[in-house]
Amino acid sequence: MSTTFITTTAGAPWPSNEDSKSAGPRGPLLLENYQLLEKLAHQNRERIPERTVHAKGSGAYGTFTVTRDITEYSCASVFAEIGKATPMLARFSTVAGERGAADAERDVRGFALKFYTDDGNWDLVGNNTPVFFVRDPMKFPDFIHTQKRHPRTNMRSAAAMWDFWSLSPESLHQVTILFSDRGLPQGFRFMNGYGSHTYSLWNARRERFWVKFHFKTQQGHRFWTNDEAKEIVGRSRETSQEDLFTAIEGGDFPRWTVCIQVMAEHEAEQVGFNPFDVTKVWPHKDYPLIEVGVMELNHNPENYFAEIEQASFSPSNIVPGIGFSPDKMLQGRIFAYADAHRYRVGTHYEALPVNRPRVAVRNYHMDGPMRFDAPKATDAYYEPNSVHGPVDAPFAIEPPLRVSGEATYYEHRGDGDDFAQPRALYALFDDAQKERFHGNVAAAMDGVPEHIIERQLGLFAKVDPAIAKGIRGKLAMPEPVGPATATAAG
Ligand code: HEM
């Protein structure tokens with residue numbers, strides 16, 4: 001085997017990577033020992049800002065393969081025909097913890113997907129839950145503050161979390177999932193994924209349908225109890241990373257069955273609930289799951305930083321045949337992600353190998369920091385032009401979105417019932433699941449001021465009095481004197 005030699009960053013052979021150049025064995029260093037300076041300077045720049053949320057994550061490449069023809073709903077090339085396989089990337093994450101947080105924490109899991117389709121990248125940036133805590137993007141930064149560290153103590157604050165939740169009854173559905181068994185999966189392979197928002201599909205006849213995406217794990221659901229997780233975290237902070245990486249490395253490729261729920265465009269006005277409210281699911285009996293394909297992860301990244309830390313997913317990345325919906329949260333996210341990437345990774349983040357579409361990219365954006373990909377310069381560097389530069393693609397215009405109403409600040413919890421869906425979910429839990437749910441909530445309320453606990457128990461009582469009673473029992477708290485103190489509207 002031939003020997004390879006270290007080089008400087010400029011490619012010149014470098015004689016000494018362990019000893020710096022000094023004036024004698026006891027002498028000071030020389031400024032001309034430039035490679036020492038280069039090495040120290042490089043180390044100072046080894047990190048980029050971590051994601052403000054979902055900072056700890058794991059990812060892998062794979063394939064999405066179509067198993068059912070849904071061209072009646074969508075003309076997206078990714079669904080073009082049965083058997084069609086599209087390369088993709090997945091990144092899974094926890095939400096609240098920093099880059100070095102333990103994996104086995106009770107938290108929502110991110111389920112971010114990038115499909116490298118023939119028509120450009122389609123990103124579906126979802127979670128392992130079909131709903132979310134809030135329904136208005138105006139509330140998102142405040143919600144995330146409660147999940148992160150207190151500005152003075154620099155500690156996580158259970159008081160802040162429950163204060164916010166108990167004043168935000170729309171969070172009840174997601175809170176019920178978070179403190180159920182599904183809130184602490186054993187690893188990323190053992191959970192479902194959901195697009196969560198309502199998106200749209202549109203077909204070659206330019207008809208629009210509303211759609212929800214579901215990814216059902218073929219590995220089965222596995223979860224840790226709180227007690228198991230305590231022991232696991234003491235042993236390793238990377239259990240989900242280890243599980244995913246090792247399985248794929250060993251050829252045991254995880255798979256998910258990909259399904260959709262579909263609603264005709266005009267039905268959105270007629271259904272009794274707001275189909276664009278991300279705190280709600282669509283009833284499966286009215287909108288049954290339609291199986292459309294299989295997602296398999298079969299290839300670990302070669303370089304975690306380059307391919308996973310720099311992976312940049314954004315709900316704004318849609319392709320012809322797939323569209324947005326009026327969901328306010330989704331609309332807020334259409335801005336937030338690309339803005340985060342430009343700040344965190346850099347202006348040309350989409351030209352990095354992991355983010356780069358597998359099709360030609362043609363536009364009139366130019367220059368800026370780290371224009372590393374050196375696209376061939378032509379006379380068509382402005383538009384319109386008469387030198388045959390790229391022109392509009394009118395076939396990609398989505399069907400018109402019908403809108404009506406008056407613009408004002410609609411109350412974020414204006415559309416009513418925050419209790420029926422968590423009630424229906426709680427009713428599905430067996431006795432042991434209910435018991436664990438009560439215990440998990442009680443454990444998370446440790447140290448929370450009593451008036452906040454009472455307010456939250458008041459909300460839970462509106463979902464089902466048995467929840468409030470069960471949690472109260474775990475907390476060994478007496479029944480309050482007088483009526484329940486749910487002050488938040490709902
Ligand atoms: C208005 C509401 C929301 C805002 C403003 C928001 C904003 C953000 C931001 C800024 C990031 C970091 C992006 C980065 O630096 O790469 C992020 C990550 C993420 N968000 Fe959200 N988010 C919102 C709601 C949601 C919802 C409802 C979901 C799921 C249904 C979700 C799923 C994710 C996931 C999975 C990631 C990690 C993506 C990755 O793996 O790189 N977010 N979010």
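Please read these numbers as outputs of a predicted model, since none were measured by experiment. Just so you know, ligand 1 is whichever comes first in the structure, and atom 1 is the first atom listed for that ligand. The analysis underlying the following values was restricted to heavy atoms, covering all of them including side chains, and did not include hydrogens, waters or symmetry mates.
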TODO: Could you tell me which atoms of ligand 1, counted from 1 in the order shown, lie closer than 4.0 angstrom to a heavy atom of F111?
DONE: 35 (C)
Open item on the list: Quick check on contacts: which atoms of ligand 1 are under 4.0 angstrom from a heavy atom of H197?
Closed with: 27 (C)
Open item on the list: Looking at K280 and D417, is there a salt bridge between them, counting it only when a charged N and a carboxylate O are closer than 4.0 Å?
Closed with: no
Open item on the list: Whether D118 and K84 form a salt bridge (side-chain N of Lys/Arg under 4.0 Å from carboxylate O of Asp/Glu) is what I want to check.
Closed with: yes
Task: Ligand-residue contact atoms, ligand 1 with S196, heavy atoms, under 4.0 Å - done: 30 (C)
Task: D446 atom CG, over 12 foreign heavy atoms within 6.0 Å - done: no
- [ ] List the closest protein heavy-atom neighbour of atom 16 (O) of ligand 1: residue, atom name, distance to the nearest 0.1 Å.
- [x] H341 CE1, 3.2 Å
Open item on the list: Just to verify, which of H299, E307, E302 counts as forming a side-chain hydrogen bond (donor to acceptor under 3.5 Å, both in side chains) with Y61?
Closed with: E307
Task: Short side-chain donor-acceptor distance under 3.5 Å, T129 and Q174 - done: yes
Open item on the list: Does this structure show an ion pair linking K56 with E238, if we count only N-O contacts that are shorter than 4.0 Å?
Closed with: yes
- [ ] Check each of F215, F92, F190 against W256 using the ring pair (Phe, Tyr, Trp, His ring centres under 6.0 Å) test, and report the only one that passes.
- [x] F92
Open item on the list: I need the atoms of ligand 1 closer than 4.0 Å to a non-hydrogen atom of G126, numbered in the order shown.
Closed with: 29 (C), 30 (C), 35 (C)
TODO: Identify the protein heavy atom lying closest to atom 39 (C) of ligand 1, giving its residue, its atom name and the separation to 0.1 Å.
DONE: R91 NH1, 3.1 Å
- [ ] Using a cut-off of 6.0 Å, state whether more than 12 heavy atoms not belonging to Q270 lie near its atom CD.
- [x] yes
TODO: Would you mind listing which atoms of ligand 1 come within a distance below 4.0 Å of any non-hydrogen atom of P137?
DONE: 1 (C)
Open item on the list: Can you report which non-hydrogen protein atom sits closest to atom 29 (C) of ligand 1, along with the distance?
Closed with: N127 ND2, 3.0 Å
Open item on the list: Would you call the rings of F143 and W165 parallel, tilted or perpendicular, taking 30° and 60° as the class edges?
Closed with: tilted
- [ ] Sort by chain and number the protein N/O/S atoms found under 2.8 Å from atom 21 (Fe) of ligand 1.
- [x] Y337 OH
TODO: Starting from atom 41 (O) of ligand 1, find the nearest protein heavy-atom neighbour and note its residue, name and distance.
DONE: R51 NE, 2.8 Å
